Visitor: 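Got a structure for you, written out below as structure tokens; questions coming shortly.
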Amino acid sequence: MTDWLLIAPVLLPVLAAGLSQAVWRSAAAQRLLGTGTLTAVLAVSAVLLVLADRRGPLVLSVGGWPAPAGISLVADRLSTLLLVVALAVSLAVLVFAIGQGTAEGDLPRTPFHPAYLLLVAGVALAFLTGDLFNLFVAFELMLASSYVLINLGAGEGRIRAGMTYTITSLLSSLLFLTAIGLIYAATGTVNLADLGDRVPALPEGIRSVLSLLLLIVFGIKAAVVPLHFWLPDSYPTAPAPITAVLAALLTKVGLYAMVRTQTLLFPRSETWTPLLVAAALTLLVGIVGAVAQQDVNRLLSFVLVSHIGFMLFGLSLYTVGGLTGTVLYAVHHIAAQAALFLIAGLVVGWSGTAKLSRLARTAPAPGLLAGLFALAALSLAGIPPLSGFVAKLALLQAGVEQGGAAVLALLAAALLTSLLTLYVMARVWRAAFAAGGERPPAARGRMRGLRLMLGATAGAVLIGVAVAAGAGPLARLGERAAVDLLERSTYQEAVLGDPDRRGG
Amino acid sequence: MNGLVQTALEAATAVLLLCGAVFCLLGGVGLVRFPDTVTRLQAAAKAQNLGLLLILIGAALRVPLPYAGLLLLIAVFQLITVPVLGQIVGRIAYRTGAVERHTLTVDELAERLAPPDAPDAGEGGGGRGRGT
Amino acid sequence: MSPADEQAHGTAGTPGARGGPPRRTSRQWPLALWLWVLWIVLWGSVSPVVLVGGAVVALLVVVLFPLPSIARRARLHPLWLLMLPAHLLVGLVGSAVAVALEAVRRGPRVRAAVLEVPLRSESDLMIAATANMASLTPGTLVLEIDRDRRRLYVHALPARDAREVDRRRGEVATAERWVVRTIGPAEMRKDPNRRERGYGGEGERR
Amino acid sequence: MSVVATVALALLGVTAVLVVHRLVRGPHALDRIVAVEILVTTVVAGAAVAVAVWDYTSAVLVLLVLALLGFIGSVTAARLAEEREDMR
Amino acid sequence: MRALDLTTALVVGGLFAVGFHLLLQRSLMRLLFGFLVLGHSTNLLVLMAAGPPGDPPITGEGHAPETFADPLPQAMALTAIVITFGVTVLLLALVYRSWRIQGHDEVRDDVEDRRVGEEVLES
Amino acid sequence: MLVLIAAHAAVAAVLPALAPRAGRAVWWVAALVPLATLVWAAALAPSVLDGDTPVEHFGWAPSLDLEVFLRLDALSLLMTGVISGVGAAVLVYGARYTSEGHGRESALLLAFAGVMLGLVTADNLLVLYVFWELTTVVSFLLIAGRGRTREHREAAQQALVVTTGGGLAMLLGFVMLGEAAGTYRISELVADPPDGGYVPAALVLVLVGVFTKSAQFPLHGWLPAAMVAPTTVSAYLHAAAMVKAGVYLTARLAPGFADTEPWRPLVLTVGLLSLVVGAWRALWESDLKRVLAYGTISELGLLIALFGYGTRNSALAGEVMLLAHATFKASLFLITGLVEHHTGTREIGRLSGLGRRRPVLLTLAALAAASMAGLPPLAGYLGHEAYLDTFWNAARHGPGAGEEWVLAALVAGSALTATYAVRYLWGAFAGRPGTEPTPQEDPGDRALGMAVPIAALVAATLGLGMWYSGTEALTEPYAALLPSPQEPYHLALWHGLSPALLLSAAALAAGLLLYRLRPALSAVRDRSPRAPDAQGSYRQAVRGLDGAAAWLTRRTQVGSLPVYLTVLLATVLLVPGAALLLRDVPLPAPPLWNSAVQVPLAAVVLITALALAAARHRLAAALLAGAVGYGVAGLFLVQGAPDLALTQFLIETLTLVVIVLVLRGLPAELGVRTGSRRVRRLRLAVATAAGALVAVLALAVSTVRREPAVSEFYTDHVEEAGAHNVVNAIIVDFRALDTLGEIAVLLVTAIGVGALIGVLGGRAATIRARPPAADRYEPTARWALPHEQWLPEARELPAHDRSLLLEILTRLLFPSVLVLSLYLLYSGHLRPGGGFAGGLVAGQAFTLRYLVGGRADSAFAVPLDPRLVAGGGLALAAAAGLAPLAFGGEPLGGALVSVTLPVLGHLEATTTLVFDTGVYLLVTGVCLKLLSAVGPAQETPEEAAGKSGGTPDTPATATGSRA
Ligand code: NA
Ligand code: NA
């Protein structure tokens with residue numbers, strides 16, 4: 001039995017975080033603990049992905065207590081796929097951070113590594129847990145770590161931004177807990193598979209209220225319009241690696257939770273219009289916001305918001321095709337968005353400003369960086385043959401297959417968003433990599449660990465390239481994951497066992 | 001015999017509980033009615049403390065022995081912690097002017113603290129002058 | 001029963017590593033004993049596991065969290081200690097009733113006084129115990145302790161006239177008497193007017 | 001016994017409301033500190049009644065902890081009121 | 001059969017309202033208190049919506065398991081209390097840092113947001 | 001084909017690396033690849049023209065229909081010839097023309113050739129789209145060059161955005177077509193075209209892509225703007241290759257869809273409009289390249305109309321025109337480059353007398369221009385004849401779908417084409433009376449190297465015309481795929497005195513006449529209403545977009561947290577709230593209370609909470625918040641949750657302590673409430689409504705449960721877990737993973753507090769020395785100093801903070817509290833308590849020490865850093881979770897260990913105690929960490945002095961220090 005492997009992605013980072021905190025005096029030991037743990041966990045997750053795809057969902061009853069009373073960790077195709085990509089990106093970001101000296105130097109030495117490890121543990125737990133309350137704990141772990149990371153060494157401007165982030169997240173956490181309280185009161189269980197049996201039996205009104213409440217809760221974390229305002233005001237201010245990891249992972253965890261709960265607890269048979277509307281709003285408001293920005297990081301943040309709309313779109317269709325698209329898009333987006341924030345960090349480090357107008361007056365950033373940016377930006381804009389195109393194509397096909405005026409209108413919005421993404425990316429490209437003057441003297445100092453940072457960035461970009469290159473197997477995997485999501489019984493049987501034995 | 005003891009204990013408990021509650025209530029009344037912080041502290045904290053003590057003893061009479069021990073332990077801790085807080089709060093209250101001076105019939109501390117040239121600031125704190 | 005009986009004897013020593021005197025854990029057995037008793041009371045059981053575990057826990061706490069030694073050791077007088085609760089309860093009830101009546105009848109127009117009460121006691125512990133006792137009773141509350149000159153400044157209630165003021169002063173004196181009876185040194189217990197013997201070159205300070 | 005408990009708890013309930021009155025009104029920070037302290041004592045008293053009448057023995061430990069540690073918050077707050085004139 | 005009582009509903013709703021209202025203020029300290037209150041309200045909700053009062057879920061103290069209060073919401077609320085505490089303290093530290101660095105402890109508006117569209121791109 | 005495409009990519013990839021050493025030679029290397037392609041195409045030509053269609057396949061993402069099918073049919077062969085032929089010529093030309101950046105430029109051009117090769121051989125709509133967009137990207141890079149000038153950057157961006165936009169529309173169209181047909185194979189689609197449904201819409205979308213790519217009116221603006229690119233690029237992309245992609249796609253789809261509405265009217269309208277308007281605009285440009293660019297727009301319009309019309313004859317004409325255009329337009333661009341190379345300018349007004357001095361160049365230019373104007377015996381002539389004949393017959397015998405108008409437009413277009421051809425030739429080479437001959441630079445041998453490829457292209461345009469049978473052999477197989485309503489037309493230089501010849505001649509004559517009348521016409525042009533300027537409208541659109549974006553974003557992203565939170569709550573209120581109202585949730589009448597004790601507690605909680613909401617004073621608010629918490633703890637107790645109440649009490653006390661400690665460094669007032677009265681009311685309303693919503697929901701859900709809760713399991717199995725306390729068993733055993741996460745949260749928040757406060761305050765900060773109260777009663781400040789040292793650290797505190805009673809009390813309580821905390825830890829599985837409660841109690845023991853001594857960690861026998869305690873605690877808990885794996889157990893599982901010892905008898909313990917001990921340590925460590933962080937959290941005197949101006953609420957403090 002290999003089920004125990006499931007605990008590793010959660011427990012190892014927690015253990016390492018504890019040790020990392022205990023050995024706070026040694027930066028080298030902290031770095032080793034961080035990279036070593038993430039590498040090991042990444043390897044374990046890859047194994048889990050292969051196993052989950054071959055054998056169906058792996059389930060670990062933590063502590064040996066059977067579901068629904070005990071907490072189950074469930075590794076199915078969706079969760080392991082996202083886990084692998086998330087871990088790969090977080091490893092790259094960690095290397096970047098070490099290179100940048102975020103891990104030590106200008107920031108206080110102790111906090112970064114343990115907080116980062118706990119963030120990863122939270123993300124891993126969020127993907128793997130099969131229990132609603134445990135999901136809350138995972139979110140809290142992830143968020144608490146992110147509060148610490150986003151506020152590390154915060155000065156004048158960032159403290160305000162950190163506050164916006166922290167308080168909005170806190171409110172969403174409280175709403176989440178409220179929802180859990182209501183759900184437990186109504187059903188008497190918090191095990192997701194068990195809830196999959198019990199929630200559909202609830203009166204329709206209560207069911208829709210609970211569904212919408214969870215949607216809002218996760219919508220805040222995923223930055224769905226109109227719950228997104230906090231994101232562009234907060235993420236851009238943090239140091240690049242922190243922004244990158246938060247932007248890439250946290251919104252995706254929110255989205256994952258949305259997909260997981262909506263498909264498992266609130267099965268539907270037709271396109272869900274409220275979500276469709278939210279998707280359209282998110283796409284357009286986000287990208288229009290990006291067009292209005294003058295700051296590279298804020299621009300990227302709005303793009304991030306906008307592209308959440310693509311993933312919502314797939315979910316709102318409630319078809320295999322749509323969910324396949326969502327899965328592919330999430331995988332692609334984790335890599336692309338992280339890479340872009342890292343590149344932005346390097347560009348800002350190179351030229352000493354994040355303002356487009358000022359960037360345009362400073363010397364073009366180096367060609368290697370331009371190439372990396374091109375790959376990531378074009379991928380995000382969905383230009384073939386990069387990963388974004390593959391994901392977008394899956395969504396387009398699902399949308400066209402579904403048909404209907406509303407869906408087609410949304411498709412148009414999605415394509416417009418793609419175009420405007422390209423437009424804003426070209427604008428960044430113009431300012432950062434084409435236009436130029438002198439490098440400002442202030443920024444001319446040697447950038448420490450530049451090689452590590454570039455390597456890490458290239459790694460993040462390559463993850464995206466790998467997604468495109470492996471689009472064939474990945475798309476099939478995504479499709480299988482989508483089938484599992486809609487089937488529900490695969491997941492439920494893996495957790496709870498034979499349906500005959502668990503009764504109505 | 002055993003039943004009689006039982007009944008007596010029950011009765012004692014009942015009386016103690018009720019008395020305790022009444023003292024608590026009276027403390028509450030004092031807390032609302034008294035004019036300044038220290039008098040309120042005097043009234044409320046002490047009456048409350050007593051009330052709690054009575055209730056604890058009352059409870060101790062009814063519960064199994066290990067718990068009775070714990071209840072008495074609580075009473076002991078209550079007895080040694082409450083006065084300390086009272087003294088700290090009282091000291092600060094006096095220092096921060098939370099004592100209504102005009103309600104005092106005597107204030108020997110003020111006399112002691114008065115500047116040396118003041119008429120009734122006796123050396124060695126022996127002054128007995130009356131305040132207003 | 002009261003933890004007040006656990007003071008170790010020893011002498012004030014040279015400053016230790018953190019500016020305090022050396023921690024002689026070997027002299028802290030009364031504390032360890034108290035902690036052991038506390039453990040047993042908490043568990044409410046005298047099974048071997050509890051007894052052994054309690055000893056381990058008590059020793060552990062004493063060794064891991066050492067406290068400086070105290071020069072003077074309290075002498076406990078069990079008989080008076082046993083009588084103390086009864087006295088306390090009676091005194092408490094009486095004065096509590098008085099204060100409560102004051103609260104109900106006069107409320108905002110209550111008259112109080114701040115009194116100076118000289119003490120016979122000399123040691124920290126005795127003064128503290130007296131202040132504690134005095135503050136326990138409704139009607140008197142210690143505001144300031146002039147440690148050097150051994151005086152308590154007591155807020156007294158009700159104190160409408162000289163008679164009541166004297167009664168309150170008497171209450172504090174009674175409190176001290178009870179403290180002396182329970183934990184005081186022999187010479188004080190015998191002579192109600194005798195002051196506690198000074199020691200350690202600590203004179204009066206202003 | 002149940003009647004006794006009801007009466008006692010009712011009295012304590014009234015006490016709690018009176019205490020809250022002082023807590024809300026102040027005016028001195030120390031008044032509020034005292035009120036919080038007494039509120040805790042009232043809750044403890046109520047719980048002790050429940051221990052006595054309904055064998056709520058599990059609450060005893062709660063009471064013990066409160067009796068030992070309840071004053072820490074009040075002491076800290078009082079210190080602040082002493083330090084900071086504007087905090088009173 | 002196990003309906004929530006009106007008193008508790010009132011407390012829960014009232015605490016939520018107070019918490020939300022405090023959360024909508026600019027003063028960071030009010031926000032913090034709002035968060036504290038909301039923490040209480042959610043914990044109460046988790047605990048109380050799950051079922052009526054019962055005996056403490058501890059065996060061997062003479063209470064029948066049938067009379068036990070539901071232990072799971074208790075455990076969940078316990079976890080939530082501790083988490084809320086941690087986050088509250090963190091928030092408090094943020095408030096403090098905000099005060100120390102900025103000289104005020106309010107959430108001011110984002111300056112960048114107001115600058116949107118002011119500057120024309122000229123690359 | 002795959003190999004060839006890969007070869008393009010591979011060689012392109014190594015060129016930049018080769019360039020620093022090889023210099024110009026990289027262009028020759030690059031040219032070899034398209035030459036090889038040309039040879040390959042020539043070798044395959046006989047069989048392909050016979051109807052053979054080699055297909056290659058490469059799976060990419062088959063489940064998304066992303067399968068690379070490459071197929072070489074006659075049309076593809078034709079296009080391959082054009083791409084590789086012109087490509088080779090341009091690359092050879094580039095070797096001499098380009099002065100720097102050989103690696104980048106040659107690589108991009110070669111890559112472009114490869115992409116085009118893929119585009120014309122792709123037999124899958126999606127793969128075609130992939131190549132389509134790749135041409136956009138490569139052309140962006142080529143146009144932008146190194147982006148030195150703003151003009152370059154803007155032109156590149158415009159080309160990118162416009163053509164990508166069209167491409168995206170096309171992609172949607174492709175997907176619609178593909179989904180409608182069930183296949184994305186182009187050959188299958190064309191053979192068995194779907195109809196109905198979304199097909200017309202799909203075709204429109206596809207054509208939008210076509211029109212943008214081929215710069216058709218009114219989406220043409222990007223092409224003239226792109227003329228900032230080097231001539232090599234213009235010649236290849238904007239004459240021969242990329243813009244032909246749209247034409248190619250029209251030709252590719254016409255056999256299947258020409259008859260589907262609205263294909264034909266759309267294609268004809270747009271194509272012919274572009275033909276005429278483009279040619280007309282070419283008349284007025286003064287830059288030679290821009291003349292050619294508008295000419296290209298015009299010619300492409302013609303090609304699209306011809307292919308789009310979709311008959312055998314029109315397609316044949318289209319093919320011939322395509323070949324002709326590729327050769328003459330590429331040569332003209334290259335000639336322009338040479339002109340510029342010679343003179344340094346492309347402005348017609350500044351060029352004079354070049355023809356006399358460069359007769360060879362003049363000859364080549366004249367031949368190319370003649371082909372463009374449709375003079376025999378050049379390729380252009382063949383094409384002109386073919387289309388004029390086709391539409392003459394169509395207008396006379398055709399279905400009457402407006403072919404007359406088509407014919408008229410074609411003739412007008414021909415005339416205008418002749419005019420701008422003359423204008424180009426005269427403008428570039430003629431001497432201007434009264435104008436000095438333009439000075440020439442570098443007459444050297446570089447010019448010869450550039451002339452050779454031009455000559456080759458001109459020879460091609462001549463050869464295609466002269467050897468018309470060969471041209472027909474090349475073009476006939478594709479044309480044959482289309483219906484032929486009229487007699488099949490055959491290419492020839494002489495058909496007799498046909499109507500087409502007359503029309504052709506008339507058009508030519510008209511063209512020459514127009515050129516003569518040009519000065520007069522310019523007056524007409526100036527007075528006539530201006531056609532919408534594509535470039536201007538693009539800029540306007542961009543400005544409008546930016547403006548609208550800024551407007552919208554300023555109004556939504558207002559930067560105010562209260563606004564954001566209000567929106568958030570309003571969403572909660574409206575969305576689930578609406579569902580609650582609409583779905584008619586049953587609300588049974590609730591009892592007033594479940595236990596009467598709840599009522600006073602509820603009153604306490606509610607009143608204090610409301611007072612808290614109204615509080616203006618920080619300390620008051622902190623105390624009120626504490627009271628709310630204690631009240632809530634009371635409610636927990638009533639509910640039957642002593643564990644919860646215990647923890648709540650402890651946490652509440654700790655929270656109060658921490659808040660109060662931090663408050664020392666904060667102003668006393670909470671600050672004024674902001675916002676207008678209306679805003680405040682709105683906030684109040686939203687908050688109240690949200691609170692009410694939650695209450696109603698709680699009431700509603702509490703009656704709907706039908707199945708027993710899972711918690712029965714815990715009660716049934718609590719003994720198995722070696723516990724009596726079910727809650728504790730859940731915490732450390734049944735759901736230990738929750739607990740692990742939760743203590744990790746606690747650790748990370750403590751880390752954060754340390755980082756947020758510690759960095760500012762630091763351990764070196766001093767405690768505020770002389771508080772106002774001590775100032776006022778100075779003599780009493782030292783009164784309460786004990787004579788003995790009750791605690792090791794007490795003397796470090798300022799005298800006025802010391803208290804005899806508190807020190808003695810702390811000495812008495814501290815060890816006892818620690819014992820209590822250990823008791824709670826180890827009895828937790830039996831009674832209320834556990835690691836948390838124990839840790840919190842221990843933490844408060846240290847708080848007590850902190851209050852008395854100003855330090856918490858001095859209680860330890862050995863110096864112990866809180867970080868070590870907390871981190872070690874977490875590591876211990878995690879390790880305890882992993883440990884069972886070593887013994888074949890489940891992670892985070894508990895095992896009942898029982899031993900029988902001589903004195904102690906039978907002992908039972910669960911391994912979860914280790915886990916709980918980790919929790920205990922962590923919580924203790926976190927408390928220590930918090931104390932060490934917030935304890936000294938106050939301003940040092942220097943800081944206070946430095947800030948005093950900005951913080952009037954902070955009382956002035958005097959210096960004081962701790963020993
Ligand atoms: Na730049
Ligand atoms: Na417990």
Side-chain angles (χ1 to χ4, degrees), chain A residues 4 7 11 14-15 18-19 21-22 24 62-65 68-69 71 108 111 115 118 134 137 140-141 144-145 148 164 182 185-186 188-189 204-206 208-209 212-213 216 226 229 288-289 291-292 383-385 393-394 396-397 400-401 415 418-419 422-423 426 430 434 471-472 475-476 479, chain F residues 60-61 63-64 130 133 147 153 157 160-161 164-165 168 172 175-176 179 549-550 552-553 561 564 567-568 572 575-576 579-580 583 585 697 701-702 704-705 707 709-710 713 734-738 741 744-745 748-749 751-752 755 759 867-868 871-872 874-875 878 881-882 885 890-893:
Chain A
W4 60 271
I7 199 75
L11 218 49
V14 171
L15 181 62
L19 293 175
Q21 171 73 357
W24 82 99
V62 181
W65 301 108
I71 294 173
L118 290 179
N134 198 239
V137 174
E140 288 307 304
L141 181 53
S145 313
V148 173
T164 302
L182 295 172
T189 184
E204 198 197 343
I206 289 184
S208 28
V209 170
L212 288 165
L213 204 56
I216 287 178
F229 296 113
V288 163
V291 170
I383 299 295
L393 177 65
L396 275 183
Q397 289 176 339
V400 169
E401 195 183 8
L415 292 178
S418 276
L419 182 60
L422 187 69
Y423 172 73
R430 273 169 69 180
R476 277 194 299 271
E479 194 174 321
Chain F
W60 178 14
S63 65
L64 300 175
V130 170
E133 286 299 305
R153 296 193 292 269
Q157 186 176 339
L160 179 70
V161 170
T164 305
L168 284 170
L172 181 55
V175 172
M176 287 163 128
E179 294 296 320
L552 182 74
T553 307
L561 183 60
Y564 295 169
V567 170
L568 212 156
V572 172
V575 178
L580 192 68
R583 304 282 183 152
V585 174
L697 281 179
V701 295
S702 71
V704 298
R705 193 195 293 170
E707 288 175 80
V710 290
F713 178 92
F734 294 120
R735 296 180 63 95
L737 191 56
D738 282 345
V745 170
V748 82
T749 54
I751 292 173
V759 176
R867 283 172 277 204
L868 186 63
L874 184 61
L882 279 175
L885 284 175
E890 297 284 346
L892 285 164

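Keep in mind that this is a model prediction, so the values were computed, not measured. Below, chain A is the first sequence line, B the second, and so on; all start at residue 1.
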Visitor: Walk me through it: do Leu874(F) and Leu118(A) pass the test side chain to side chain contact (heavy atoms under 4.5 Å, CB included)?
Guide: CA-CA 11 Å; Leu874(F) 184 61; Leu118(A) 290 179; 4.2 Å; yes
Visitor: If you measure from CG on Leu868(F) to CH2 on Trp24(A), what distance do you get to the nearest 0.5 Å?
Guide: 6.0 Å
Visitor: Kindly give the heavy-atom pair with the smallest separation between Val704(F) and Ala186(A), and that separation in Å.
Guide: CG2-CB, 3.6 Å
Visitor: Identify the heavy atoms of Ala549(F) and Val288(A) that sit nearest to each other, and give their distance.
Guide: CB-O, 3.3 Å
Visitor: Give the minimum heavy-atom separation between Ala292(A) and Thr553(F), together with the two atoms involved.
Guide: CB-OG1, 3.6 Å
Visitor: Check Gly872(F) against Ala22(A) and note the closest heavy-atom contact, atom names and distance.
Guide: N-CB, 4.1 Å
Visitor: So for Leu11(A), is it side chain, backbone, both, or neither that comes closer than 4.5 Å to the heavy atoms of chain F?
Guide: both
Visitor: Would you mind checking which part of Leu885(F) comes under 4.5 Å of any heavy atom in chain A, side chain (CB onward), backbone (N, CA, C, O), both or neither?
Guide: side chain
Visitor: Do the non-hydrogen side-chain atoms of Leu172(F) and Val400(A) ever get within less than 4.5 Å of each other?
Guide: yes
Visitor: Flag the one option from Gly205(A), Gly188(A), Ser208(A), Ala144(A) with the top tally of heavy-atom pairs under 4.5 Å to chain F.
Guide: Gly188(A)
Visitor: Mind listing the closest non-hydrogen atom pair of Leu64(F) and Leu393(A) along with its distance?
Guide: O-CD2, 4.0 Å
Visitor: If you count heavy-atom pairs under 4.5 Å with chain A, which of Gly893(F), Ala709(F), Pro891(F) comes out on top?
Guide: Pro891(F)
Visitor: CD/Gln21(A) to CD1/Ile751(F) distance, rounded to the nearest 0.5 angstrom?
Guide: 4.0 Å
Visitor: With a 4.5 Å limit on heavy-atom distance, are the side chains of Ile71(A) and Leu892(F) in contact?
Guide: no
Visitor: Which residue out of Thr164(A), Thr189(A), Ile206(A), Leu213(A) racks up the most heavy-atom pairs below 4.5 Å with chain F?
Guide: Ile206(A)
Visitor: Using non-hydrogen atoms and a 4.5 Å limit, figure out which bit of Ile7(A) sits close to chain F: side chain, backbone, both or neither.
Guide: side chain
Visitor: For Leu552(F), is it the side chain, the backbone, both or neither that has a heavy atom under 4.5 Å from a heavy atom of chain A?
Guide: side chain
Visitor: If you compare all heavy atoms of Pro68(A) against all heavy atoms of Val710(F), which two are closest, and at what distance to 0.1 Å?
Guide: CG-CG1, 3.5 Å
Visitor: Could you tell me which portion of Glu479(A) (side chain, backbone, both or neither) has an atom closer than 4.5 angstrom to a non-hydrogen atom of chain F?
Guide: side chain
Visitor: Side chain, backbone, both or neither: which part of Leu182(A) has an atom under 4.5 Å from a heavy atom of chain F?
Guide: both
Visitor: By the definition side chain to side chain contact (heavy atoms under 4.5 Å, CB included), identify the one residue from Ile383(A), Leu419(A), Leu422(A) that meets it with Leu168(F).
Guide: Leu419(A)
Visitor: Please state whether the side chain, the backbone, both or neither of Val572(F) comes within less than 4.5 Å of a heavy atom of chain A.
Guide: both
Visitor: If you count heavy-atom pairs under 4.5 Å between each of Ala394(A), Ser145(A), Pro385(A) and chain F, which one has the most?
Guide: Pro385(A)
Visitor: If you count heavy-atom pairs under 4.5 Å with chain F, which of Arg476(A), Glu204(A), Gln397(A) comes out on top?
Guide: Gln397(A)
Visitor: Looking at Ser418(A), Ala69(A), Gly472(A), Gly64(A), which one has more heavy-atom pairs under 4.5 Å with chain F than the rest?
Guide: Ala69(A)
Visitor: Answer with side chain, backbone, both or neither: which region of Leu561(F) has an atom nearer than 4.5 Å to a non-hydrogen atom of chain A?
Guide: side chain
Visitor: Heavy-atom pairs under 4.5 Å with chain A are the metric here; pick the option from Glu890(F), Glu179(F), Glu133(F), Arg735(F) that has the most.
Guide: Arg735(F)
Visitor: Among Thr164(F), Leu568(F), Val748(F), Leu882(F), which residue has the highest count of heavy-atom pairs closer than 4.5 Å to chain A?
Guide: Val748(F)
Visitor: Relative to the ring of Phe713(F), is the ring of Trp65(A) parallel (under 30°), tilted (30 to 60°) or perpendicular (over 60°)?
Guide: perpendicular
